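Note sheet for the following structure.
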Amino acid sequence: MIPLTMAKSGETVTIQKISGKDEIRQHLAELGFVVGGEVTVVSEIVGNLILQVKDSRIALDKTMANRIMI
(Lines give C-alpha, C1' and ligand atoms only; values in the text may rest on other atoms or scores of the structure.)
Protein backbone atom coordinates (compact mmCIF):
# COMPACT_ATOMS: atom_id res chain seq x y z
CA MET A 1 0.00 0.00 0.00
CA ILE A 2 1.14 3.50 -0.84
CA PRO A 3 -0.35 6.93 0.02
CA LEU A 4 -2.67 8.56 -2.51
CA THR A 5 -0.08 11.32 -3.02
CA MET A 6 2.08 8.77 -4.92
CA ALA A 7 -0.56 8.26 -7.64
CA LYS A 8 0.09 9.90 -11.01
CA SER A 9 -2.24 12.37 -12.75
CA GLY A 10 -4.89 10.58 -14.80
CA GLU A 11 -4.54 7.37 -12.78
CA THR A 12 -7.64 5.68 -11.30
CA VAL A 13 -6.95 3.87 -8.03
CA THR A 14 -8.91 1.92 -5.41
CA ILE A 15 -8.80 2.98 -1.75
CA GLN A 16 -7.44 0.21 0.51
CA LYS A 17 -7.31 1.95 3.90
CA ILE A 18 -7.94 5.33 5.51
CA SER A 19 -5.95 6.25 8.62
CA GLY A 20 -6.39 9.02 11.16
CA LYS A 21 -8.78 9.93 13.93
CA ASP A 22 -12.44 8.91 13.74
CA GLU A 23 -13.62 12.42 12.89
CA ILE A 24 -11.10 12.71 10.02
CA ARG A 25 -12.13 9.32 8.61
CA GLN A 26 -15.80 10.31 8.96
CA HIS A 27 -15.17 13.61 7.13
CA LEU A 28 -13.39 11.81 4.27
CA ALA A 29 -16.23 9.24 4.08
CA GLU A 30 -18.76 12.09 3.77
CA LEU A 31 -16.73 13.42 0.83
CA GLY A 32 -16.91 9.98 -0.81
CA PHE A 33 -13.53 8.53 0.18
CA VAL A 34 -14.44 5.02 1.37
CA VAL A 35 -12.50 1.75 1.40
CA GLY A 36 -13.06 -0.03 -1.89
CA GLY A 37 -14.06 3.20 -3.64
CA GLU A 38 -12.40 4.36 -6.85
CA VAL A 39 -10.68 7.73 -7.11
CA THR A 40 -9.17 9.37 -10.21
CA VAL A 41 -6.30 11.82 -9.83
CA VAL A 42 -7.17 14.81 -12.03
CA SER A 43 -4.08 16.88 -11.25
CA GLU A 44 -1.37 17.41 -8.65
CA ILE A 45 0.17 20.73 -7.65
CA VAL A 46 2.97 20.74 -5.02
CA GLY A 47 1.59 17.55 -3.45
CA ASN A 48 -1.98 18.88 -3.23
CA LEU A 49 -4.42 16.82 -5.30
CA ILE A 50 -7.54 17.46 -7.37
CA LEU A 51 -9.51 14.21 -7.31
CA GLN A 52 -12.56 12.87 -9.11
CA VAL A 53 -14.75 10.89 -6.69
CA LYS A 54 -17.99 9.58 -8.20
CA ASP A 55 -19.42 12.70 -9.93
CA SER A 56 -17.55 15.29 -7.86
CA ARG A 57 -14.15 16.94 -8.05
CA ILE A 58 -12.54 17.47 -4.67
CA ALA A 59 -9.26 19.15 -3.70
CA LEU A 60 -7.26 17.56 -0.88
CA ASP A 61 -4.11 18.90 0.70
CA LYS A 62 -1.03 16.73 1.04
CA THR A 63 -1.69 15.92 4.73
CA MET A 64 -5.20 14.56 4.07
CA ALA A 65 -4.15 12.71 0.89
CA ASN A 66 -1.36 10.96 2.81
CA ARG A 67 -3.98 9.39 5.12
CA ILE A 68 -5.60 7.61 2.17
CA MET A 69 -3.77 4.41 1.22
CA ILE A 70 -4.13 2.80 -2.20
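Just so it is clear, the structure is predicted and the values come from calculations on it, not from any experiment.
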Next item on the list: Could you pull out the closest heavy-atom pair between Leu60 and Phe33, with the gap in Å?
Entry: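 Heavy atoms of Leu60 and Phe33 come nearest at CD1-CZ, 3.9 Å.
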Check: Quick one: do Val42 and Ile70 end up in the same hydrophobic cluster if we chain Ile, Leu, Val, Met, Phe, Trp and Tyr together by side-chain heavy atoms under 4.5 Å apart?
Finding: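 They do not share one cluster, since no chain of ILVMFWY contacts under 4.5 Å joins Val42 to Ile70.
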Margin query: Would you say Met69 ends up clustered with Val53 if hydrophobic residues are merged whenever their side chains have heavy atoms under 4.5 Å apart, either directly or through other cluster members?
Written below: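 Per the 4.5 Å side-chain linkage, Val53 and Met69 are not co-clustered.
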Note to self: Enumerate the side-chain hydrogen bond (donor to acceptor under 3.5 Å, both in side chains) contacts for residues 55-64, please, sequence neighbours excluded, ordered by first and then second residue.
What the structure shows: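 Listed once each, the pairs are Gln52-Arg57.
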Checklist line | Listed once per pair and sorted, the side-chain hydrogen bond (donor to acceptor under 3.5 Å, both in side chains) pairs that draw on residues 19-32, sequence neighbours left out | finding: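 Passing the test, one end in residues 19-32: Asp22-Arg25, Gln26-Glu30.
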With rounding to the nearest 0.5 angstrom, report the [atom1] to [atom2] distance, [X] to [Y].
X     : Y     : atom1 : atom2 : answer
Met64 : Asn48 : CE    : CG    : 12.0 Å
Leu31 : Ile58 : CG    : CD1   : 4.5 Å
Ile24 : Arg67 : CD1   : CZ    : 3.5 Å

Item checked: CA sep, side-chain torsions, deciding dist, call: Val39, Ile68, side chain to side chain contact (heavy atoms under 4.5 Å, CB included) -> CA-CA 11 Å; Val39 176; Ile68 300 171; over 6 Å; no
Give the table of side-chain donor-acceptor pairs shorter than 3.5 Å for residues 4-15, with sequence neighbours excluded, one pair per line with atom names and distance.
residue, atom, partner, partner atom, Å
Thr5, OG1, Asn66, OD1, 2.7
Glu11, OE1, Lys8, N, 2.8
Thr12, OG1, Thr40, OG1, 2.9

Item checked: Connected-component partners of Val46 among ILVMFWY, side-chain separation under 4.5 Å ->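 Ile45, listed by chain and number.
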